[in-house]
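Contents: one structure, followed by commentary.
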Amino acid sequence: PQLANQIAAGEVVERPASVVKELVENSLDAGATRIDIEIDKGGAKLIRIRDNGSGIGKDELSMALARHATSKIASLDDLEAIVSLGFRGEALASISSVSRLTLTSRTAEQAEAWQAYAEGREMAVTLKPAAHPVGTTLEVLDLFYNTPARRKFMRTEKTEFTHIDEIVRRIALARFDVAFSLTHNGKLVRQYRGVSESSQRERRMGAICGTAFLSHALAIEWQHGDLSLRGWVADPVGSKAITDLQYCYVNGRMMRDRLINHAIRQAYQDKLGNDHQPAYVLYLEIDPHQVDVNVHPAKHEVRFHQSRLVHDFIYQGVVSVLQEAGA
Ligand code: ADP
Ligand code: MG
């Protein structure tokens, strides 16, 4: 199992930032409202994620570390309409096969917490009692220590941390209601309180995206049938710093999507001309039956069943906001 898991890890765990992404997504799936992320040496030494989610029962701990074991999909029907961020049951097994991973967790029903650790070629799981409040801590030490080729591909501490920071900021934009903190080498780098009101959301958005984006941002609220689009678009006019700020979320999942990007640019070009490079933070909500997220192991691509419809919907939404703004 260790070798098979290491091969799978090649697809899911590219670098420390991908570990952070998978673990934070697990915390969100577990309903956490507070997630604390601690990093040492760009993640090469330590990645520790602590959440106050539902926790994992003692009897489920070994399963959580096994490959293709997910508690989130029970049937083919579930797979047709995925509502959780995870569904492949691959991340923990993969990460654990290329690091020293310990999983400590407690559910509300249990009086005590348990810690699990998998090792050796058979990935045998050892369990022992531990101290932990309700929720889960994942600790990943010495990433890629046993896969020297991958370890060689890691860049400097600073570069790897920059990638982690980027992932955390993007996830913090996906869930305003969740509190996040990010610490590097013992120093608190980011801290976001969980917020609900839209003015507070805008403040977090400004803190993450910067004042250049915030001051040019046009808010979008657009709806048609069961499609909805919210968020902000901004035309940075000359402020280069934000031209690569193109964040989009489909049903809460961060995405790189050509179709969405194309629709937005098309709207800008048709309304304002060729030399505009819109930056955006957009949230698309769509019936989960209408989208396939099981396209790539890292889950950052989607396929829309009716891509033309989605494209035109987004195009119209952006056009109407630009018109309102006087374009
Ligand atoms: P997936 O997220 O695709 O289900 P993972 O390998 O990421 O697969 O996680 C395996 C399982 O471990 C999850 O299905 C979930 O049951 C459990 N799990 C992982 N992380 C957490 C967490 N932070 N809180 C609660 N349960 C978790
Ligand atoms: Mg997962």
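Hydrogens, waters and symmetry mates play no part in the numbers below; they use all other heavy atoms, side chains included. For reference, positions follow the sequence shown, starting with 1. Note that ligands are numbered from 1 as they come in the structure, with each ligand's atoms numbered from 1 the same way.
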**Prompt:** Side chains of His216 and Asp235: donor-acceptor distance under 3.5 Å anywhere?
**Reply:** no
**Message:** Using the side chain to side chain contact (heavy atoms under 4.5 Å, CB included) definition, which of the options Ser94, Ser97, Ser99 pairs with Val13?
**Reply:** Ser94
**Request:** Out of Ile49, Leu28, Asn52, Asn26, indicate the one that has the non-hydrogen atom closest to atom 5 (P) of ligand 1.
**Result:** Asn26
**Asked** With no hydrogens and no angle check, is any side-chain donor or acceptor of Thr70 less than 3.5 Å from a backbone partner on Lys72?
**Response** yes
**Message:** Tell me whether Gly55 has any N or O atom under 3.5 angstrom from an N or O of ligand 1.
**Reply:** no
**Fill in**
Taking only non-hydrogen atoms of Gly86 and a 4.0 Å limit, the atoms of ligand 1 in range are 2 (O), 3 (O)
**Asked** Of the listed options (Thr136, Ile56, Thr137), which comes nearest to atom 17 (C) of ligand 1 when hydrogens are ignored and any heavy atom counts?
**Response** Ile56
**Asked** If you measure from each heavy atom of Gly89 to ligand 1, is any distance below 4.0 Å?
**Response** yes
**Prompt:** Counting each atom of ligand 1 from 1 as listed, which ones have a heavy atom of Glu90 under 4.0 Å away?
**Reply:** 6 (O), 8 (O)
**Request:** Using atom types as modelled and distance alone, determine if a side-chain donor or acceptor of Asp226 lies under 3.5 Å from a backbone N or O of Asp287.
**Result:** no
**Prompt:** Do Thr70 and ligand 1 have an N or O pair less than 3.5 Å apart?
**Reply:** yes
**Request:** For the pair Glu285 (side chain) and Leu229 (backbone), establish whether a donor and an acceptor sit closer than 3.5 Å, ignoring hydrogens and angles.
**Result:** no
**Request:** Assess Arg151 against Tyr145: is NZ or CZ under 6.0 Å from the centre of the six-membered ring, and within 45 degrees of the ring's axis?
**Result:** no
**Message:** Working note: Arg15 + Glu160, criterion salt bridge (charged side-chain N to carboxylate O under 4.0 Å, His left out); need CA distance, chi angles, decisive distance, verdict.
**Reply:** CA-CA 8 Å; Arg15 60 185 346 149; Glu160 294 302 342; 3.0 Å; yes
**Asked** ligand 1 and Asp51, any nitrogen or oxygen pair closer than 3.5 angstrom?
**Response** yes
**Message:** For atom 12 (O) of ligand 1, which of the options Ala64, Ser96, Ala30 provides the nearest non-hydrogen atom?
**Reply:** Ala64
**Asked** Which is it for Leu23 and ligand 1 at heavy atoms under 4.0 Å: side chain, backbone, both or neither?
**Response** neither
**Request:** For ligand 1, indicate whether the residue Ser71 contacts it via side chain, backbone, both or neither (heavy-atom separation under 4.0 Å).
**Result:** both
**Message:** Below 30° counts as parallel, above 60° as perpendicular, anything between as tilted: where do the rings of Phe161 and His184 land?
**Reply:** parallel
**Request:** For the Mg ion (ligand 2), decide whether Asn26 has an N, O or S atom at a distance under 2.8 Å.
**Result:** yes
**Prompt:** Has Lys72 got any heavy atom lying under 4.0 angstrom from an atom of ligand 1?
**Reply:** yes
**Complete:** Logged contact type for Glu60 with ligand 1, heavy-atom cut-off 4.0 Å, is neither
**Request:** Pull out every atom of ligand 1 sitting under 4.0 Å from any heavy atom of Arg88, numbered as shown with elements.
**Result:** 3 (O)
**Message:** Is there a salt bridge (charged side-chain N to carboxylate O under 4.0 Å, His left out) between Arg230 and Glu221? Walk through the geometry before answering.
**Reply:** CA-CA 5 Å; Arg230 288 190 299 114; Glu221 280 223 53; 5.9 Å; no
**Check: Tyr192 ring centre within less than 6.0 Å of Phe180 ring centre** = no
